[in-house]
Number of protein chains: 2
Amino acid sequence: MTKVTIRHVAEAAGVAVKTVSRVMNGEPNVTRDLQDRVMKAVDQLGYVPSMAARRMGGRRSYLLVALNDRQNTINNWRSGRGNDWIDQMLHGAMLTCEAHGYRMLFELVQAGSEDLDRKVVAILSALQPDGIILTPPHSQNLALVEMLTRRNVPVVRMGVPGKGVGFGVFMDDRAAAAEATRHLIDLGHQRIGFIAGSPRFEASRQRLDGYADALHQADIGMDEALIAPGDFTFESGVTAAEALLSRSDRPTAILASNDEMALATLHVASRLGIRVPDLSVISFDDTPGVRLSVPGLTSVRQPISEMAAKAAELLIGVSRTGETAPSDHLLPFGLEVRGSTTRVT
Amino acid sequence: MTKVTIRHVAEAAGVAVKTVSRVMNGEPNVTRDLQDRVMKAVDQLGYVPSMAARRMGGRRSYLLVALNDRQNTINNWRSGRGNDWIDQMLHGAMLTCEAHGYRMLFELVQAGSEDLDRKVVAILSALQPDGIILTPPHSQNLALVEMLTRRNVPVVRMGVPGKGVGFGVFMDDRAAAAEATRHLIDLGHQRIGFIAGSPRFEASRQRLDGYADALHQADIGMDEALIAPGDFTFESGVTAAEALLSRSDRPTAILASNDEMALATLHVASRLGIRVPDLSVISFDDTPGVRLSVPGLTSVRQPISEMAAKAAELLIGVSRTGETAPSDHLLPFGLEVRGSTTRVT
DNA sequence: CCATTGTTTGACAACGTTGTCAACGGTCGT
DNA sequence: ACGACCGTTGACAACGTTGTCAAACAATGG
């Protein structure tokens with residue numbers, strides 16, 4: 001019932017403390033016989049090593065830290081509430097972490113704050129993680145990435161290419177936007193509107209470019225009037241949708257740069273008496289709510305949990321073996337087709 | 001650039017290591033003079049104590065663990081994706097934790113699993129947290145709570161009354177259901193349907209009881225035919241809504257036991273050609289997506305972040321001072337009125 | 001003025017693990 | 001048969017902090 005330490009296991013198995021340590025860490029050069037004796041004692045006593053002591057004795061902390069910003073995200077929900085990322089990341093990285101005895105701890109830090117560096121350094125000092133995962137918009141902060149690299153903390157940047165500065169785990173936003181647009185074209189749409197995202201995020205430009213790519217490839221002229229600015233908020237989506245849908249030559253389909261603005265578009269359309277067969281809407285991020293809208297929203301799924309799994313894998317790999325992996329890891333996106341996109345009538 | 005330990009601070013300030021420790025922990029019996037010298041050195045060097053070493057040396061780990069179940073929740077989204085709790089809890093507890101140098105780590109454990117006890121014990125052994133926060137349905141698991149208590153780990157149970165077994169931080173589901181129902185009655189509704197939740201959760205019964213309370217209080221007879229079973233999934237909401245809305249004497253308003261089933265109800269209503277003025281819908285949980293539906297869904301907001309803040313406060317209090325607080329902490333809910341509830345025509 | 005009590009400070013051990021290094025015994029090559 | 005080498009095992013220090021205890025000193029009461 002009381003605490004079980006490595007010493008208890010060593011005594012029970014009749015071996016040295018260090019031997020138990022070796023077995024627990026899967027180190028080579030332990031005979032089968034001792035290995036079995038130790039494992040038996042471990043099972044019997046229910047021994048689990050203390051992370052704190054591991055960190056003290058050795059070089060690893062068995063801890064990964066994910067740096068999130070809850071305010072400045074692409075796909076947060078209206079009025080700052082709710083952000084799907086943390087939940088999905090945790091879920092995605094769980095298996096990988098569990099398999100290697102690692103944990104993942106989330107830290108919320110606002111990207112704009114003046115003392116960001118100080119805060120991050122404090123986190124490093126207190127937690128001494130074996131690696132750190134940056135989510136947008138932190139992952140775009142090159143100064144931050146370099147500071148971490150200087151301190152020898154392995155870094156994964158989510159949502160952007162690594163380009164040699166830390167690991168990058170990301171999807172191809174441009175290709176995704178192109179595929180989404182192509183999906184609309186294949187359904188017979190010719191006038192396709194676009195609601196842009198905040199220029200603060202690289203992904204915004206990528207998505208616009210992909211949209212342009214697909215139009216160009218299909219020999220559809222790009223009409224600047226069909227491109228409306230937005231900043232990922234519901235309100236900006238309303239404004240943009242009103243601008244697009246009140247035109248006499250209004251588009252028959254709209255590609256919104258995130259779900260929130262797409263839902264705003266549905267909202268406006270409904271108010272204007274425009275129903276889905278007459279307007280298709282497609283968007284980015286596939287956040288949980290979109291499948292529950294009426295109609296369900298077709299959306300590009302960003303592989304957040306897969307990215308997190310890959311991120312954990314990379315960091316644990318570096319921490320375990322010291323081996324360095326390639327910098328860039330491109331993961332496939334998914335186009336989740338639902339009721340909001342239909343063949344043009 | 002290299003690691004700054006307490007020894008460096010002690011040397012810089014010209015005091016003993018233990019004195020620095022005292023200052024860092026706000027212990028009494030340190031003269032003003034030394035305190036200032038130490039703080040100056042701390043600021044100058046950017047010293048932040050290592051959590052691991054703190055855990056090794058002292059009795060505290062400065063770590064709280066939140067035990068979540070991602071599969072079996074009231075307000076998860078369709079097909080198991082997305083759960084608002086973790087994000088909100090983290091956000092809610094952040095300030096409290098930060099102020100006391102604590103961290104919060106989330107662990108995902110499935111409630112049904114046979115080796116739940118083993119898993120939890122492993123978490124305790126590895127992390128040695130100063131307290132543990134259980135979310136539904138774990139918070140209902142009395143055996144689990146007792147096991148933790150036996151091991152002297154302070155426990156907060158979220159979403160249920162503590163009743164002397166650990167702390168309970170919760171809202172009054174029954175009162176909330178009553179208030180929601182009353183809201184409908186005040187709008188002139190007399191025939192009010194109810195979609196129940198899974199009996200696996202205590203909250204389901206509470207909500208039904210509250211519904212009954214309000215009807216009774218308003219002298220509206222309860223029609224058993226207006227109560228449809230559900231299990232918190234979108235599909236069950238569809239079935240329930242179809243049953244309720246296809247009646248010749250269909251209700252003019254429906255209270256659904258969670259958002260997902262409410263959205264399903266809107267879905268079905270739309271399909272049947274019933275629009276909002278003719279049907280009001282209200283629900284529980286106020287998950288992020290509901291404000292984006294068309295129309296926005298009126299919902300009872302569960303104070304998750306406030307509950308998490310309170311939970312952290314309680315656990316940190318016990319860990320710091322050893323003082324024990326009252327067991328039960330009732331937090332107010334909020335009724336978020338949006339477009340889905342209107343005066344009966 | 002002394003005994004007593006309380007306040008401030010520091011020396012040192014302890015926490016549970018891993019890194020380092022040395023000792024031991026066996027195998028191989030000559 | 002001997003030395004060199006390798007695989008296996010263990011003794012011991014180290015990690016950075018807090019708990020314990022004692023020393024030095026100041027304040028208080030008789």
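Each chain gets a letter, A, B and so on, in the order the sequences are listed, and its residues count up from 1. Side-chain atoms are counted along with the backbone in the values below, which use heavy atoms only and exclude waters and symmetry mates.
Annotation: of the two residues near DNA chain C, P28(B) and G57(B), the 5′-most nearest-nucleotide partner is P28(B). Residue T19(A) is the one, among M24(B) and T19(A), whose nearest nucleotide of DNA chain D lies closer to the 5' end (criterion: closest heavy atom).
Residue R59(A) places its side chain closer to dG19(C) than to any other of dT9(C), dG19(C), dT17(C). Listed nucleotides: dG16(D), dG10(D), dG10(C). Nearest to the side chain of V15(A): dG10(D). In this structure, the nucleotide among dT17(D), dG10(D), dG16(C) sitting nearest to the side chain of A53(B) is dT17(D). Nearest to the side chain of E27(A), among dG19(C), dG16(D), dG10(D), sits dG19(C). Among the nucleotides dT18(C), dG10(C), dG19(D), the one closest to any side-chain atom of A16(B) is dG10(C). Side-chain proximity of V17(A) to the nucleotides dG16(D), dA11(C), dT18(C) is greatest for dT18(C).
With no hydrogens or angles considered, no side-chain donor-acceptor pair links Y102(A) and T96(A) at under 3.5 Å.
Taking atom CE of residue M56(A) and atom P of nucleotide dG16(C), one finds them 12 Å apart after rounding to whole Å. Whole-Å rounding puts the R7(A) CZ to dC12(D) P distance at 12 Å. Between R54(A) atom CZ and dT18(C) atom P the separation is 5 Å, expressed in whole Å. If you take CE of M51(B) and C1' of dG16(D), they are 14 Å apart, rounded to a whole angstrom. Here dG7(D) presents its P atom at 17 Å from CG of L34(A), a figure rounded to the nearest Å. What separates CD1 of I6(B) from P of dC15(C) is a distance of 19 Å, to the nearest Å. Rounded to whole Å, the distance from CG on N29(B) to P on dT20(D) is 15 Å. Whole-Å rounding puts the L127(A) CG to dT17(D) P distance at 14 Å.
At a threshold of 4.0 angstrom between heavy atoms, the contacts of Y47(A) are confined to the sugar-phosphate backbone, with no base atom among them. Among the protein residues, R55(A) comes within range of no part of the nucleic acid, since none of its heavy atoms lies under 4.0 Å from any strand.
In this structure, E98(A) does not pair ionically with R103(A), as no charged nitrogen and carboxylate oxygen lie closer than 4.0 Å. Taking the charged nitrogens against the carboxylate oxygens, D36(B) and K40(B) have no contact shorter than 4.0 Å, which rules out a salt bridge.
The shortest non-hydrogen separation linking A12(B) to A41(B) is CB-CB, 4.0 Å.
Cation-pi check for R157(B) over F167(B) is not met; the charged atom does not lie both under 6.0 angstrom from the ring centroid and within 45 degrees of its normal.
Remark: the backbone N or O of R70(A) is not paired with any side-chain donor or acceptor of N68(A) at under 3.5 angstrom.
Remark: T31(B) is not in phosphate contact with dT7(C), judged by side-chain N or O atoms under 4.0 Å from OP1 or OP2. Between S21(A) and the phosphate of dT17(C), there is no side-chain N or O to OP1/OP2 separation shorter than 4.0 Å.
Side-chain atoms of R22(A) come within donor-acceptor range of the base of dG10(D), with a qualifying N/O pair under 3.5 Å. Interface remark: the K18(A) side chain does form a donor-acceptor pair with the dG19(C) base, using a distance-only criterion of under 3.5 Å.
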